[in-house]
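Remember, it's 1-based here, ligands and their atoms both numbered in the order they're listed.
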Amino acid sequence: MYRKNEGANTEYRMKTGKLFVLSGPSGVGKGTLRQHALNNAPNLKYSISCTTRKPREGETDGVEYRFISHSQFQEYISRELFLEYAHVHEDYYGTLKADVISELEAGHDVLLEIDVQGALQVKEKMPGAVLIFVAPPSVEVLTQRLTGRHTDSEESVKVRLGNAIGELALKDKYDYVIVNDDLDSACEELRKIIL
Ligand code: 5GP
C-alpha cells in the first residue's frame, strides 16, 4: 500500500494484484503447471471456476470447480456475475467476477486456468491481464497424452482433440507461449513469467 500526500488531502491507495490467464488444449499439462506456479508464488491465488460438468471421480465441489446446474449457470449469466464464460467441449464453464476482483483488490495476483474463448473475453475487459498459452510439442504427443490419462470417454477425447486444433490456431493472440516438451523447463518458464 502507498500513501500520497496532496496538501491537506491524504490519499490511501492499495496496490492491486496482477491477473494471469493460463490456457491450452486439454491434456497439455496445464493442471500440473498451475499447481507448480501456486506452490512457488506465495502471492498467487487460484480462482475456482463454475461449471455444469459433472464431477470426475476424486473431484470435490468447491475445490476443483463449483459444480452447478444449468439453471444456476443461466441465472449467473443473466445477473452478469461472470467475468467470462464459455461453452467448452460439452459443458459450460465460467469465472465469477467478484472472486477475481476481491483478490486483486486485496493485492493478490490471480491465476485463471480457462479456455481460449474465455481468455480473449478477459483480455478485452481487462487489457492488463497477462495471457499465457501452453502448447504441446506436437499434435501426436497431445493425442497420446489424452488417450493415456483415461479420465475421459473415447467420445470426449475426440471432442477435446478437435477443439485442440482450434485452440492452437489462436495461440498468437497470447502474450506468452510455453511449449511443454519438458515439464521442469515449462514450470520454470511459467514461474519466471509470474514472478
Ligand atoms: P476440464 O473439464 O478438463 O476440467 O476443463 C475443460 C476446459 O475448460 C479446460 O480447457 C479448462 O481450461 C476450461 N475451463 C475451466 N474453467 C473455465 C472457466 O471458468 N472459463 C472458461 N472459459 N474455460 C474454463
### Message
Is any side-chain heavy atom of R160 closer than 4.5 Å to one of L146?
### Response
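Counting from C-beta outward, L146 and R160 do come under 4.5 Å.
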Evaluate the side-chain proximity of P25 to V139: yes if any heavy-atom separation is below 4.5 Å, no if none is.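 No, their side chains stay 4.5 Å or more apart.
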Determine, stepwise, if the pair R53 / E59 fulfils salt bridge (Lys or Arg N to Asp or Glu O under 4.0 Å).
CA-CA 11 Å; R53 168 165 82 60; E59 287 183 332; 2.9 Å; yes
Quiz item: Any idea which residues sit under 4.0 Å from ligand 1, heavy-atom distances?
Solution: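 Near ligand 1, by chain and number: K30, S49, R53, R56, Y65, E84, A86, V88, H89, Y93, G94, T95, E113, I114, D115, G118, R160.
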Is the Y92 ring parallel, tilted or perpendicular to the H70 ring (thresholds 30°, 60°)?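 Perpendicular: the ring planes of Y92 and H70 meet at over 60°.
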Next on the checklist: Distance alone, cut at 3.5 Å: any donor-acceptor contact between the side chains of S69 and S71?
Outcome noted: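 There is such a pair between these side chains.
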Check residues 79-86 and write down every donor-acceptor pair under 3.5 Å in which the side-chain atom is one partner and the other belongs to a residue at least two apart or another chain.
{"unit_1": "R79", "atom_1": "NH1", "unit_2": "E75", "atom_2": "OE2", "d": "2.8"}
{"unit_1": "E84", "atom_1": "OE2", "unit_2": "T95", "atom_2": "N", "d": "3.2"}
{"unit_1": "E84", "atom_1": "OE2", "unit_2": "T95", "atom_2": "OG1", "d": "2.5"}

